[in-house]
Structures are given as structure tokens and as C-alpha cells.
Amino acid sequence: MTDPRPLNTGSHDLPVSPALDAFMGTGWAATPLPATDRVNGYAFMPARRARLAAAFPGERLVVPAGQLKVRSNDCDYRFRPHSAYAWLTGLTGEEQVGHVLVVEPGGEPVLYLRPRSPRGGGSPYGSEFYRDRRYGEFWVGRRPDLDEAAQLTGVRTAHLDELEDLLKGPQVPTRLLGGVDPLLDALLPADAQLASVLSELRLVKDAWEVEQLQLSVDLTTTGFEDVVRALPLALKHGRGERWLEGTFNLRARAEGNGTGYDTIVASGAHACVLHWIRNDGALDPSKLLLLDAGVETDSLYTADITRTLPLSGTFSPVQRQVYELVLAAQDAGIATLKPGASFRDFHRAGMRVIAEGLADWGVLKISADEAMREDSGLFRRYTLCSSGHMLGLDVHDCAKARAETYLDGTLEEGQVLTVEPGLYLQPDDETLPAELRGIGVRIEDDLVITADGARLMSGALPRSVAGIEEWMGTLLG
Ligand code: GLY
Ligand code: MN
Ligand code: MN
């Protein structure tokens, strides 16, 4: 990191003459950022950093944004900073590649950044701005300089080139959030405790985060409406699932940073594949469509919503039978949500409804009580996965939290989570009557735990059979 980086140029780039290089280095007007610019959520960041520092007194904490990943040859995947880095800094843009937040033992945060490229003038990076395909301002856009970044974040900044010397300098107890930046992984061991604390600090959302999540849910609602409106065209397309994926993703990209995870568009039996992202099927108007999608805001918060819709606009009797059982399971799960309830309660309540329904249908040959026992769980052949998770900057948020604070923990006001029971009746499952085979239903909503219960954030999208049919009818005219 201490040597000037070689320029990232392409083999098809033409050589640059010294005369052109000198000419490129002069004659540019100053273009400072407005002095009032601040990161989104600026006021909430200091408390987060202080809570992190308080968890590790006297230690240096290193939280990287991450590095680019090559997609192929000289093309990289689009960059998104690690959620912990975004949560601590408010810096969310693609220009955060390689940047690192260090919290010093006294608690002072310092951002190690690659500043805006200088323009000529003998700097080792003097031609980067117009020649470097990865970092050049004329190739990928402007980055803030160090003073501007300090103004944006309220955090002291230093040049990224100084970081390696700092980390190799006088010994300070240091913890690294590992697995994010391979350059730092080569210098320091990963620290699992830092990773779990960073996840656990994010379990309860502050007021601004709840606002961002509501924005994400609202944009996602609009994206679902777009998908319903696009059905007539998609039904005619040989790969209608892809058409609908593109429809949702257009909204996500136009209004937010993109999607929070790959959009799932599953027609008919594809809905029995939990994460069907191939989306290469045609739409059969007599079947259901499962759409599981979320818009990620520019602040990087994502919704995670699923609706299962009749492509004809009306549920058939058997589709309705399956749908209403899943809906009853979801209602039972949602009814358990409140501070102090155990995280597993909503899952247990929903799964009891499903097990009873499957037993009533004669699909389960044992009683619901028996099927619910830990040494049985036979109903899970038809539900496959657990029915919810924390939601936030990551769709499966806070994933490194310890079991005692998450899976085996209790709910707290300000937590945001999904409740998403499903029934996945595989097309080749010989334990099922023929009419049930190939039906997959998931209903997924986003909720915030309040002082005495939970608020449904995604209630603008109907869930009942009648509500969905009416909503589709209105959108389709
Ligand atoms: N979309 C992934 C999930 O529902 O967890
Ligand atoms: Mn989910
Ligand atoms: Mn989902």
C-alpha cells in the first residue's frame, strides 16, 4: 500500500505521450463539494461508533469497506460497501472501494481513504484521473478529497497509503473485521468477536434506520404494482419471469441503489424452489406467481417482501385452500410479536397452524402435536425453511449475532424482521394428492417491533385473497 499503485489500464488503451500527459495536468477549474454536504443519517453515526468503541475499550478496531471482485477479465462486479462500514460511516457509494474505518484505542475514529486523484503536478497518481479505469475520475466519477470526506462524515481522514504503516507500526491490540478486504486479511487475523458485536449492535434499529426501511418497503410496494401492471406483456413473453424481474429491477434501480438481493420470480412449480433466481420460465395463466423482492435504498437498507398471486387474477379453489393456510400461519406468527417474546415464537405459532392444516387435509398422517415435536418435525417436508429473520442493511441482517442474542434471544422494540411462512408442495411429491402438487406459496411481510406489539410496515400490499384479487383487478383495469 505504500508504493504508488500501478495504473489500471486496458490492453487496448493507446500509449500516452509526455506532451499529452503534461497537457492533461493543467487548466482545470476548482470544483469543490458544497460545504454543507453531509452523509445521509449523519447525526446517527457518532452514537454507533461510540457504542462500538465502548465494547472494546483500549483496542484498535479495523472495519473495511471491501474490495472490488473481478467479474471477468477487466470487468468488476458493481461495488457495495460492507454493511458494517456503511452503518458506522454513512458512506455507501461505489467510490468506497478499499476504504477502511479504524477506531483507535481511545475511541477516536479515523477514515483511511483513497482521495480524489490529483491532476498532474508530479504526484505519483497525477495521471490516474484520466487514465485509471478503476479509480480515475474521468472513468468512474469523482471521489471526495480528504477534507471533503471529513466534512461529509464528521470523522478525521487520512490517506489510505498510510494504513499499512499504521498497522505494522507500534503494537496496539487490534481486531479486524475479517473476510471483507483480502489486503487486510493478509496483514491481520480475522476477529470473530468483532464480527458478532458489529452484528449485535445492529439488531435494534434507530429511528432513522426505521425510516429508511419504511422507504425501502414503500418503493418495493411500487415495484410490486409495476409487476402486476406488466403481467399482460409478460404473459406473452417466452420468459415471462425474466420480464417481470426486469420490471421490478427497473424500479429498484431507478428509485434506489438496486435490489437488496436477487429478485425471485417463480411461476407455477418454480415457487417450490425457495430461492428461484433463474427466472427463465414462461408464465402459465392458470398458475400462481411467487414474487419475492426488495428495493435497496441509496442508504443501503432493503425490504424483503413476498406476494403469491394468481396469474389469472382469481385464485382457483385449490390455490385458495393453500394460500389461506399460509395466511393463517402468518397471522398467527404476527400475533406473537412484541418485546420480550422469544424470537422463535412467531415461527412456532405459524408452524403449528401449518401442521394442523396439513393434518386436517390428510397430507400429514400423524397429528399436528406429534409433527411439532423436536424429534419429528415431519411437516417441514412441506415448509423447508424457517419463517423469518432480522432485516436491515442486509436482507438476512445481523447474521453474525450469537444465538443467545438472536435465534435463542427475545425481541426488543426497534427490531425489524420478516414473517414469511410458506408451503412448498413439490411437483414430484408422491405423498401429496395430485391437485396439490406443484403449488408453492410464501407470504412475507416486514414488521418493526413497537413498545407493545409490532407495526406492519408492508401493509400497503394486500394479503387476503379478496384483497389481492381486488388489487390486481384495479391495477390491470
Ligand atoms: N428473499 C430471501 C428471504 O426471503 O429470506
Ligand atoms: Mn426473507
Ligand atoms: Mn424474501
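Not measured: the values here are computed from a predicted model. The basis for the numbers below is simple: all heavy atoms, side chains too, and nothing from hydrogens, waters or symmetry mates. Numbering of ligands and ligand atoms starts at 1, following listing order.
Per residue Glu420, closest N, O or S atom to the Mn ion (ligand 2): atom name OE2. In Glu444, the N, O or S atom that comes nearest to the Mn ion (ligand 2) is OE2.
Listed by number with element, the atoms of ligand 1 under 4.0 angstrom from any heavy atom of His396 are 2 (C), 3 (C), 5 (O). Against a heavy-atom cut-off of under 4.0 Å, Tyr261 is close to the following atoms of ligand 1: 1 (N). Taking every heavy atom of His275 and a limit of under 4.0 angstrom, the matching atoms of ligand 1 come to 2 (C).
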Verdict with reasoning, Met45 to Arg48, per side-chain contact (heavy atoms from CB on, under 4.5 Å)
CA-CA 5 Å; Met45 308 296 158; Arg48 299 177 188 178; 3.5 Å; yes

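Note: Phe315 and Tyr323 have tilted aromatic rings, judged against thresholds of 30 and 60 degrees for the angle between ring planes.
Both the sub-6.0 Å distance and the 45° axial angle are satisfied by Arg38 relative to the ring of Tyr42.
Between Leu177 and Pro64, the closest side-chain pair of non-hydrogen atoms falls below 4.5 Å.
For CZ of Arg380, the number of neighbouring non-hydrogen atoms (other residues, nucleotides, ligands) closer than 6.0 Å is 12 at most.
A donor-acceptor pair under 3.5 Å is absent between the side-chain atoms of Arg307 and the main chain of Leu290, judged by distance alone.
Taking 4.0 Å as the cut-off, Arg442 does not count as a neighbour of ligand 1 on heavy-atom distance. By the 4.0 Å heavy-atom criterion, Val395 is excluded from the residues contacting ligand 1.
Proximity of Thr418 to ligand 1, defined as any heavy-atom pair under 4.0 Å, is not found for any part of the residue.
The distance between the ring centers of Tyr424 and Tyr382 does not fall below 6.0 angstrom.
When hydrogens are left out, the protein atom nearest atom 3 (C) of ligand 1 is Asp304 OD2, 3.3 Å; that is the closest non-hydrogen contact.
Here His389 meets the criterion, with an N, O or S atom under 2.8 Å of the Mn ion (ligand 2).
A side-chain donor-acceptor contact under 3.5 Å links Thr297 and Ser299.
The OD1 atom of Asp304, the Mn ion (ligand 3) and the OD2 atom of Asp292 define an angle of 150° (nearest 10 degrees).
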